[in-house]
There are 2 protein chains.
Amino acid sequence: MSGRRDPEGRRRAIVEAACALIPEVGVGGLTHRLVAARAGVPLGATTYYFKTLDDLSEAALEHIARSSAEDLRAWAEALRGSADVAATVAALTEEYLADRPRALAEMELYLAAVHRPELRPLARAWFDGLVDVLGGHAGPVAAKAAAHLVDGALLHALSNERPLDTEGLATALRALLRPAA
Amino acid sequence: MSGRRDPEGRRRAIVEAACALIPEVGVGGLTHRLVAARAGVPLGATTYYFKTLDDLSEAALEHIARSSAEDLRAWAEALRGSADVAATVAALTEEYLADRPRALAEMELYLAAVHRPELRPLARAWFDGLVDVLGGHAGPVAAKAAAHLVDGALLHALSNERPLDTEGLATALRALLRPAA
DNA sequence: CTCGTACTAGTACACACGTACAACTCCGAG
DNA sequence: CTCGGAGTTGTACGTGTGTACTAGTACGAG
């Protein structure tokens, strides 16, 4: 696989450790030492690959945002062949929530973006992508509203550590996506 | 007003300083020294009134949650005499967002509750109250969905520092609250 | 008046932090 | 082979942290 020397692998290991840590301790709770320990590298390694702690957290959040946005490809495909768009979106949301840490990290990203404008594009990636996907099956206003609804449902499911009410979400999405207006 | 001694006033000043600080630095960024400086009291005062930093942040978050929940009384009243419930809720949401720091603090509360279960009742106060208020004008499923929608819209408005799309929100709420289904 | 208790205020301590850095090791270009 | 730069590692430094603690102050009960 890799000899003792493997800069790229090391960088990735550090980023992945940070990604795993963010849902546990929050973006603000991230620490060079914490990440280094989790990644199994000495302290010096994290400061070598990332000049500053903000750089490190940004790299991790970018990784997370990319991962979430990539999921949306599967959403688009599932919706293409779906008879009941609302039910499918609800089911996909439930699936998305199954990877709780990543969903949590996405929420952390939203809040981190409030005080770090450079993170806003990352924070918008998931939402904009979702609106895009939904836009194929509803008007722009309904798509945006549906995305808000999904994120609101996710937020509360995460915050209360409760399973998603998939049926209720589907019902609501059906109402939102109804062509009438 | 108050002589040099005023324990209750001091406690309140500390809590209010913490409330003002949370939207700025986040719950995790709160510090005894930061709060003390903002409140204009010596460091010893914050540790005297709150045995631990978590106690302090919890008191602040409780204050915020109470303040938000109290707003809902006005929501209920405004809705009682409203012909267009959806538009009224959208307008009230916009109003709520006008106090950006408090809305932000509420979101901080949501995320803080993830890792501090003792905060969950506080985090649920706003949401449950909102569902309650909306429940007077729609079925329970629609009310919950509408509350999710409102919170999702708030989250993104806060995260992107953008004004609320009040009209779009009203349209979506109208679709959600339609009695059909 | 007087005395104990609630409160005040400043300081101290041990610790974790971000970052800087110097010494060391490896490896590929010449 | 040699040598320079990239990668590695442990340590050091200054700062800020939560919390504990001591000494002092005001004030209401007796």
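All heavy atoms count here, side chains included; hydrogens, waters and symmetry mates do not. Here is how names work: the chains are called A, B, and so on, in the same order as the sequence lines, proteins then strands, and each is numbered from 1.
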K.L.:
Regarding A/Trp126 and A/Asp151, is there a side-chain donor-to-acceptor distance under 3.5 Å anywhere?
P.N.:
yes
K.L.:
Starting at the 5' end of DNA chain C and moving along, which residue's nearest nucleotide shows up first, A/Gly44 or B/Pro42?
P.N.:
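Result: B/Pro42.
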K.L.:
Taking the side chain of B/Leu43 as heavy atoms from C-beta outward, which of C/dA12, D/dT11, C/dG18 is closest to it?
P.N.:
C/dA12
K.L.:
Closest approach to the side chain of A/Arg10, judged atom by atom: which nucleotide of C/dA6, D/dT9, D/dA12 is it?
P.N.:
D/dT9
K.L.:
In whole angstrom, what separates B/Leu53's CG from C/dC15's P?
P.N.:
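Nearest whole value for this atom pair: 19 Å.
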K.L.:
Among residues 112-119 of chain B, which ones have heavy-atom contacts with DNA chain C below 4.0 Å?
P.N.:
none
K.L.:
Look at the side chain of B/Arg33 against the base of D/dG18 and say whether a donor-acceptor pair falls under 3.5 Å; ignore hydrogens and angles.
P.N.:
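It does, because a donor-acceptor pair links the side chain of B/Arg33 to the base of D/dG18 below 3.5 Å.
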K.L.:
Sequence neighbours excluded and cut-off under 3.5 Å, please list the side-chain donor-acceptor pairs for residues 18-41 of chain B, or say none.
P.N.:
| from | atom 1 | to | atom 2 | distance (Å) |
| --- | --- | --- | --- | --- |
| B/Glu24 | OE1 | B/Arg38 | NH2 | 2.9 |
| B/Glu24 | OE2 | B/Arg38 | NH1 | 3.3 |
| B/Glu24 | OE2 | B/Arg38 | NH2 | 3.4 |

K.L.:
Under 4.0 angstrom, heavy atoms only, what part of the nucleic acid is A/Thr47 near: base, sugar-phosphate, or nothing?
P.N.:
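Contact class for A/Thr47: base.
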K.L.:
Please state whether the phosphate of D/dT8, meaning OP1 or OP2, lies under 4.0 angstrom from any side-chain nitrogen or oxygen of A/Tyr48.
P.N.:
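Answer no for this pair, as no side-chain N or O of A/Tyr48 is under 4.0 Å from OP1 or OP2.
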K.L.:
So does A/Tyr110 get a backbone contact from the side chain of B/Ser159, meaning a donor-acceptor N/O pair under 3.5 Å?
P.N.:
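Yes, B/Ser159 side chain to A/Tyr110 backbone: donor-acceptor pair under 3.5 Å.
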K.L.:
Looking for any heavy atom pair under 4.0 Å, which part of the strands does A/Leu30 touch: base, sugar-phosphate only, or nothing?
P.N.:
sugar-phosphate
K.L.:
Between A/Leu56 (CG) and C/dT19 (P), how many Å, whole number?
P.N.:
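Going from A/Leu56 (CG) to C/dT19 (P), I get 10 Å.
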K.L.:
Are A/Glu161 and B/Pro117 side-chain neighbours, meaning at least one heavy-atom pair lies under 4.5 Å?
P.N.:
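Heavy-atom side-chain distance check fails, nothing below 4.5 Å.
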K.L.:
Tell me the interatomic distance from B/Lys51, atom NZ, to D/dG18, atom P, rounded to whole angstroms.
P.N.:
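The answer, rounded to whole Å, is 16 Å.
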K.L.:
Please name all residues satisfying side-chain contact (heavy atoms from CB on, under 4.5 Å) with A/Arg66, sequence neighbours left out, ordered by chain then number.
P.N.:
A/Glu62, A/Glu70
K.L.:
Return the value, rounded to whole Å, for the distance between atom CD1 of B/Ile14 and atom P of C/dC7.
P.N.:
12 Å
K.L.:
Is B/Leu169 linked to B/Trp75 within one hydrophobic cluster, defined over Ile, Leu, Val, Met, Phe, Trp and Tyr using a side-chain heavy-atom separation of less than 4.5 Å?
P.N.:
yes
K.L.:
Base, sugar-phosphate or nothing for B/Ala45? Non-hydrogen atoms, less than 4.0 Å.
P.N.:
nothing
K.L.:
Classify the side chain of B/Arg5 versus the base of D/dT25 as yes if they form a donor-acceptor pair under 3.5 Å and no if they do not.
P.N.:
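Yes, the side chain and the base share a sub-3.5 Å donor-acceptor pair.
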K.L.:
Taking CG from B/Asp6 and C1' from C/dA9, how many angstroms apart are they, rounded to a whole number?
P.N.:
17 Å
K.L.:
Touch check for B/Tyr49, heavy atoms < 4.0 angstrom, all strands: base, sugar-phosphate only, or nothing?
P.N.:
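The answer is sugar-phosphate, as B/Tyr49 gets under 4.0 Å only of primed atoms, P, OP1 or OP2.
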K.L.:
Starting the side chain at C-beta, find the nucleotide from C/dG18, D/dT8, C/dC7 nearest to A/His32.
P.N.:
C/dG18
K.L.:
Do side-chain atoms of A/Ser67 reach the backbone of A/His63 as a donor and acceptor pair under 3.5 angstrom?
P.N.:
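Judged by distance alone, no pair lies under 3.5 Å.
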